[in-house]
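Per chain, numbering begins at 1; letters A, B, ... match sequence-line order.
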There are 2 protein chains.
Amino acid sequence: MTAGAVTLRHVADAAGVSVSTASRALAGKAQQYRISQQTERSVRSAADRLGFRPSHVARSLRSQKSGLLGVLVPDVANPFFSAVAREVTAAADAHGLSVLLADSRETTSNEVTLLDKLQARQVEGLVICPVGDEGEHLKQVAVSNVPAVLVDRGFPDVRLTTVTTDHRAGAREVARTLIERGHRTIGCLQGRPGTLPNEERVAGCRDALREAGLPFSRRLVRGDRFSEQSGYDACHALLNDVPDVSALFTFSNQIALGALRALQERKLSVPDDLSLVTFDDHPFAGFLAAPLSTVRQDVSRIGRTAAGLLIEQIQTGRRPRRRMHRIPAEFVLRASIGTRA
Amino acid sequence: MTAGAVTLRHVADAAGVSVSTASRALAGKAQQYRISQQTERSVRSAADRLGFRPSHVARSLRSQKSGLLGVLVPDVANPFFSAVAREVTAAADAHGLSVLLADSRETTSNEVTLLDKLQARQVEGLVICPVGDEGEHLKQVAVSNVPAVLVDRGFPDVRLTTVTTDHRAGAREVARTLIERGHRTIGCLQGRPGTLPNEERVAGCRDALREAGLPFSRRLVRGDRFSEQSGYDACHALLNDVPDVSALFTFSNQIALGALRALQERKLSVPDDLSLVTFDDHPFAGFLAAPLSTVRQDVSRIGRTAAGLLIEQIQTGRRPRRRMHRIPAEFVLRASIGTRA
DNA sequence: ATGAAAGCGCTAACAT
DNA sequence: ATGTTAGCGCTTTCAT
């Protein structure tokens with residue numbers, strides 16, 4: 001804290017008035033309190049002259065309002081989460097709020113600790129992108145009275161407003177397209193099993209296969225994390241076990257990268273030997289050796305929706321009526337998908 | 001702020017002691033103040049039972065320490081800045097500090113306002129990634145006593161510790177490599193002229209040309225922003241004006257993307273018709289149609305260095321002796337660079 | 001039209 | 001071994 005900072009006391013003294021008058025004058029309540037133009041001006045000029053900057057801390061204590069929003073993400077450097085952070089920051093800014101950023105480094109135990117820290121800092125609202133393995137600690141948040149919104153990885157049994165992509169519809173569209181083009185054996189390189197986005201994506205694939213009267217097999221779903229390594233390992237494993245796979249649906253860019261590396265090692269080319277689609281679009285996707293088909297999540301809209309719901313909740317004091325908000329994804333077809341006879 | 005929150009008062013009452021005793025017991029100062037095991041236990045259990053969470057706001061006011069670090073970036077969704085934010089957040093966390101995130105949306109006027117807001121919130125330190133056009137307002141920060149570190153875009157006349165990539169050395173290496181491979185007419189698609197990174201990169205190219213006894217011409221340096229559009233426009237303009245350009249050095253990924261789009265329109269292929277190198281590496285760079293050579297900035301190290309210098313400054317109360325910290329960049333050679341006879 | 005005083009929740013100096 | 005008191009900087013009620 002800036003040592004020896006200028007306080008209201010100093011301003012009041014310099015203007016020859018009491019602290020209360022100084023406070024009122026600066027708060028723009030001169031009218032309301034019938035403070036003379038004279039006084040108001042002299043207070044204002046004293047404040048300017050001394051470089052007075054009101055203490056937000058003192059104000060928060062007095063008003064019982066921190067003006068703080070907490071944003072908790074598993075990794076700010078992940079484009080998805082940084083986009084969420086950006087939208088929330090913009091919305092906060094527009095409402096005179098500030099953002100406390102916390103990064104759980106993909107670890108639930110950090111998430112628990114940070115959630116606690118944020119609440120100790122009296123945040124007025126929380127945007128939480130959970131790690132997703134476990135949601136017990138989120139129930140605490142749900143029963144506390146601090147407004148909160150979950151983003152991306154929700155939990156069926158945690159009663160908190162949740163904003164997420166319509167993963168199921170997005171995945172269904174991908175699978176349908178692959179089926180239309182003659183693919184019958186479609187491998188999924190998934191992310192973390194058990195998380196909502198992952199399970200809904202698997203469900204979307206299953207939907208499309210059923211609709212087409214084709215069988216769905218868990219044997220074709222591999223991988224255990226949203227990481228490059230998982231994509232790489234799962235890709236090799238799948239192709240070893242099921243050589244007739246003709247299309248690969250990877251559940252994230254990282255996974256796609258791993259798969260691409262594995263395919264390169266096996267001297268398989270996209271889309272001639274194998275078709276490839278991935279979740280999450282990407283500026284370079286169209287310039288890849290095989291321009292990559294993707295499911296583009298509307299990250300900005302997700303972030304804005306979450307921020308909007310949170311701020312509404314703070315302002316009205318009421319939970320929004322709808323709990324699940326599914327934001328449509330956009331399928332972007334590029335050359336990485338080929339056809340099979 | 002959580003209405004009707006449990007305060008120390010409640011805990012003290014429940015335990016039948018004074019607030020001071022309660023405070024001391026919970027602060028782990030039982031030994032020091034010779035508080036009986038008895039008392040300590042009963043205070044602790046009361047706190048647990050009531051779900052007491054100390055108010056950070058009150059503590060900050062009392063201790064005159066906010067425990068807050070301000071991080072100001074032009075755009076958190078830009079991978080460079082989100083990486084910086086991540087490192088600073090991690091370091092803050094390790095030192096019991098929290099991070100206030102502010103996003104200037106690439107606008108200097110926002111930067112000024114936000115800087116003020118952060119200081120009103122009594123941040124104990126500032127990591128600033130300036131927009132870079134203008135540095136007047138940063139001089140205020142330099143003379144105030146809040147510790148601050150500039151990242152990426154420094155200003156020669158602002159006396160603040162600055163951490164940035166060694167842009168000049170990085171660019172020089174790129175240009176040397178191109179020259180070695182027979183390129184004589186090298187176009188630079190630059191970012192925002194006047195900013196430190198941009199000027200140093202241009203200087204690096206000039207260095208390499210001079211060393212090789214080749215002329216340097218401003219006519220070969222085009223573009224005005226670190227954006228895709230600027231890359232696209234500058235690329236077309238340059239190729240129209242100077243048809244014998246054989247290599248393109250783009251100063252960011254966004255610019256590279258624009259250039260790639262322009263080249264595609266002109267049916268020019270990389271590296272056969274034109275070589276291409278860019279600043280900023282990228283997970284997909286190696287999988288592009290023409291695997292892209294890049295200069296990889298060590299973003300994590302930049303972030304860690306900045307955070308370290310800031311925290312050192314906070315703890316010791318002294319400015320670090322060295323003002324400029326240049327972090328080496330790594331040149332990654334891929335197939336996008338061809339040779340010329 | 002303005003001031004005095006209380007109090008937000010906490011810690012620490014000063015009593016016992 | 002524990003309590004009392006003052007005060008961090010601000011806003012607001014209650015006086016005048």
Indicate, with a heavy-atom threshold strictly under 4.0 Å, whether [X] touches base, sugar-phosphate, or nothing.
X: A:Thr7; value: sugar-phosphate
X: A:Ile35; value: sugar-phosphate
X: A:Ser23; value: base

- [ ] Taking B:Gln313 for its side chain and B:Arg319 for its backbone only, find out whether a donor-acceptor pair lies under 3.5 Å.
- [x] no
Quick one: does [X] reach the base of [N] with a side-chain donor-acceptor pair under 3.5 Å?
X: A:Arg9; N: D:dT11; answer: no
X: B:Thr21; N: D:dA1; answer: no
X: A:Ser36; N: C:dT2; answer: no
X: B:Arg62; N: D:dG9; answer: no

If only side-chain N and O atoms of [X] are considered, is one of them under 4.0 Å from the OP1 or OP2 phosphate oxygen of [N]?
X: B:Arg24; N: C:dA12; result: no
X: A:Ser63; N: D:dT11; result: no
X: A:Thr39; N: C:dT2; result: yes

- [ ] Return the angle between end axes of the helix from C:dA1-D:dT16 to C:dT16-D:dA1, with five pairs used per end and rounding to 10°.
- [x] 50°
Please tell me which of the listed nucleotides, [options], lies nearest to the side chain of [X]?
X: B:Pro54; options: C:dT2, D:dC10, C:dC10; answer: C:dC10
X: A:Gln64; options: D:dG3, C:dC10, C:dC8; answer: C:dC8
X: B:Leu61; options: C:dT2, C:dA12, C:dG9; answer: C:dG9
X: A:Ser18; options: C:dG3, D:dC10, C:dG9; answer: C:dG3

Task: side chain to side chain donor-acceptor pair (under 3.5 Å) partners of residues 16-28 of chain A, not counting sequence neighbours, each pair once - done: A:Ser18-A:Ser20, A:Ser18-A:Thr21
Open item on the list: Pick the closest DNA chain C nucleotide for A:Arg34 and for A:Val19 by heavy atoms, then say which residue is nearer the 5' end.
Closed with: A:Arg34
